[in-house]
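Atoms within each ligand, like the ligands themselves, are counted from 1 in listed order.
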Amino acid sequence: MNKQKTILDIGLMKQQQEKISVLTAYDYPFAKLMDSAGIDIILIGDSVGSVVSGYDNTLPVTLDEMIYHTRAVVRGSEQALIVTDMPFMSYQISKADARLNAGRLVKEAGAHAVKLEGGEHMAETIRAIVDIDIPVMGHIGLTPQSIHRMGGFKVQGRQEEHARKIIADAKAVEQAGAFSMVLEGIPRDLAKEVTEAVSIPTIGIGAGADCDGQVLVIHDILGLCDKYSPKFVKRYADISEVISQGITDYISEVKAGEFPTLDHSFK
Ligand code: KIV
């Protein structure tokens, strides 16, 4: 069995210039597959709302749903660091709420760390959670829980003034005590600048190759998502076709009376 990764290992990877691999998972079988393949971090993203529950965005996802999915992932993993998203409204109201809800994700679900969205305005919340010994991964740039403010899923930080704000956000997240941060949907030069400006690892998604690590949604890389696929996604396999074929074959064999055979029956 490989050693369980910690936030210290992840920090060291930046220092040693070893890229950090991160994928989302929401259930036991996927967690088991990516854990045994050697993924560094498994993120139980609130993207579960879009790719598993079929919502248009992540806003409807509840804390209880995140706990349910995190438990399944924890049971399927041995070596990866497990980070769980704090869903919309589980940390925005008060620092006390944020601590309580982060605590539930660790105590009831078994997460090693939590992730929350926001820069300067969330720094005190990050600090409040870190102060009770729960590691926090920040998330800045395109923050999907702010979809209504941003007016859609749009690349952030293209204008100079907005780019400066993202750098200030990154520094605030680092100073608040986060152990790493996601940089989502920002120009690659800006992501490089942020990565060089902070001492904690940056994990990019749609942020170019200069981040310290990369994260993608598992359904996107395996071709399991029939919705719009963003430019930054690379499809490594198309398992929808394999699944569809298996289901079609099953249906036709049942209809034709070819399944089950004696091999699949008891005496
Ligand atoms: O919810 C999620 O899956 C995420 C990643 C894509 C960064 O936040």
Present, as a list of atom pairs with distances to 0.1 Å, all nitrogen or oxygen contacts under 3.5 Å between ligand 1 and the protein.
unit_1, atom_1, unit_2, atom_2, d
ligand 1, 1 (O), D46, N, 3.2
ligand 1, 1 (O), D46, OD1, 3.0
ligand 1, 1 (O), S47, N, 3.0
ligand 1, 1 (O), S47, OG, 3.3
ligand 1, 1 (O), D85, OD2, 3.1
ligand 1, 3 (O), S47, OG, 2.5
ligand 1, 8 (O), K115, NZ, 2.8

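In this structure Y91 satisfies the ring-ring contact (aromatic ring centres under 6.0 Å, His included) test with no other residue, sequence neighbours excluded. Taking H264 as the reference, F259 meet the ring-ring contact (aromatic ring centres under 6.0 Å, His included) condition, with sequence neighbours excluded.
Counting non-hydrogen atoms of neighbouring residues, nucleotides and ligands closer than 6.0 angstrom, the CZ atom of R164 exceeds 12 such neighbours.
Judged by distance alone, the side chains of Q79 and K5 do bring a donor and an acceptor atom under 3.5 Å apart.
Its side chain outside the 4.5 Å cluster rule for every partner, Y28 clusters with none of the Ile, Leu, Val, Met, Phe, Trp and Tyr residues.
Put simply, the side chain of S53 never gets that close to the backbone of S50: no donor and acceptor are under 3.5 Å apart.
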